[in-house]
Amino acid sequence: MRIDAAVRAARGRLSAAGVDTPGLDARVLAAEAFGVDAAGLISRGGEEAPIGPLAAFEAMVERRAAGEPVGRILGRREFRGLDFALSADTLEPRPDTEALVAVAVAAVRSGTVPGAGPDGEGLRFADLGTGSGAIAVALAAELPAARGIATDMSGGALATAAANAERHGVADRIEFRQGDWLDPLDGWFGLIVSNPPYIETAALAGLPREVREHDPSRALDGGRDGLDAYRAIVGGTAARLLESGLLAVEIGAGQGESVSRLFSRAGLAEVAVHPDIGGRDRVVTGRRTMMRGITASSG
């Protein structure tokens, strides 16, 4: 079988299985199996497919037809132009989450994060529930003088995140700590970010099988109303954010108003909702003010 014929057959197999993007997925998996890039897949399309790579390609196609996401099959996912290894303990980083990094980086570069220079000099940030480490590593890569702490309950996720930090040359500027949200933190931070679980428990069963069957449920389940993690995070910010420090969190569909209300009730100021590239509400930010007589310092 020629390579291009194998790709066409795979596209048909994935389309019949109900995959949303059968052509794209077939090409991505073929490029991986045959060891070529997109251009090479075209230029070599008329060649006879080698038996070993063809068998590997067909096996990957069957996994995709059964509902396994492409990123899980490849074992990696791109985020902010960087490749991140995945494991069973981590979510796949998704393009929507890039909005969170973009908002945080823009705030630092604009000089509105206390103590931080445009390149992150002087910045100490925290990433809560880091998973694959995509957010923390992307922040460290784009703010080359910043330092941070990333937390997660899962030791497996932290191991994956640490390996990703090493891979992208930022391991010396991120410390990984195991524990619940802010519990492992000490000292003060100019920036705290998080992409917490925000799916209502009752809605988990209705998620697409790619998510329901392959992402860890603890990284999805936000409790009865989807807001449990936000309550825990917002409730601890007074003890960890510098005065005027920024808290930025990703939100799910329709949660802008409810999460903003949590921010305001906790005494955060300048609460704002930011869209993702598709124009959907995706990030809520707020700043710490003088709360309950507590004065933050960098010491």
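Quick note: numbers below take in every heavy atom, side chains included, and nothing from hydrogens, waters or symmetry partners. These numbers come from a predicted model, not from an experiment.
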Exercise. Check ring-ring contact (aromatic ring centres under 6.0 Å, His included) between Phe34 and all other residues, then give those that pass, not counting sequence neighbours.
Key: Phe57

Exercise. Cation-pi check, Arg240 to Phe189: give yes when NZ or CZ is under 6.0 Å from the six-membered ring centre and within 45° of the ring axis, no otherwise.
Key: no

Practice problem: Compute whether any side-chain donor of one residue and acceptor of the other, for Ser132 and Thr90, lie under 3.5 angstrom apart. | Solution: no

Self-check item: Electrostatic pair Arg288-Glu243, nearest N-O below 4.0 angstrom
Solution: yes

Self-check item: Pairs meeting criterion ring pair (Phe, Tyr, Trp, His ring centres under 6.0 Å) with involvement of residues 220-259, two or more places apart
Solution: none

Self-check item: Contacts of type ring-ring contact (aromatic ring centres under 6.0 Å, His included), residue Phe176, not counting sequence neighbours
Solution: none

Quiz prompt | Pair Glu62 + Arg13, salt bridge at N-O below 4.0 Å | solution = yes

Exercise. For Arg209, enumerate each residue passing the side chain to side chain donor-acceptor pair (under 3.5 Å) test, keeping only those at least two apart in sequence or located in another chain.
Key: none

Practice problem: Could you tell me which residues satisfy ring-ring contact (aromatic ring centres under 6.0 Å, His included) with His168, sequence neighbours excluded, listed by chain and number? | Solution: Phe84

Exercise. Consider only side-chain N and O atoms of Arg287 and Thr112, and report whether a donor and an acceptor are under 3.5 Å apart.
Key: yes

Self-check item: His274: side-chain contact (heavy atoms from CB on, under 4.5 Å) partners, not counting sequence neighbours
Solution: Val103, Ala272, Val283, Thr285

Practice problem: Test side chain to side chain contact (heavy atoms under 4.5 Å, CB included) on Leu204 and Asp221 and set out the steps. | Solution: CA-CA 7 Å; Leu204 293 175; Asp221 190 350; 3.7 Å; yes

Self-check item: Interatomic spacing from CD in Glu92 to CD in Glu78 - rounded to 0.5 Å
Solution: 12.5 Å

Exercise. Start with the C-alpha gap between Leu139 and Val108, add the side-chain angles, then the distance that decides, and say whether side chain to side chain contact (heavy atoms under 4.5 Å, CB included) holds.
Key: CA-CA 10 Å; Leu139 284 174; Val108 173; over 6 Å; no

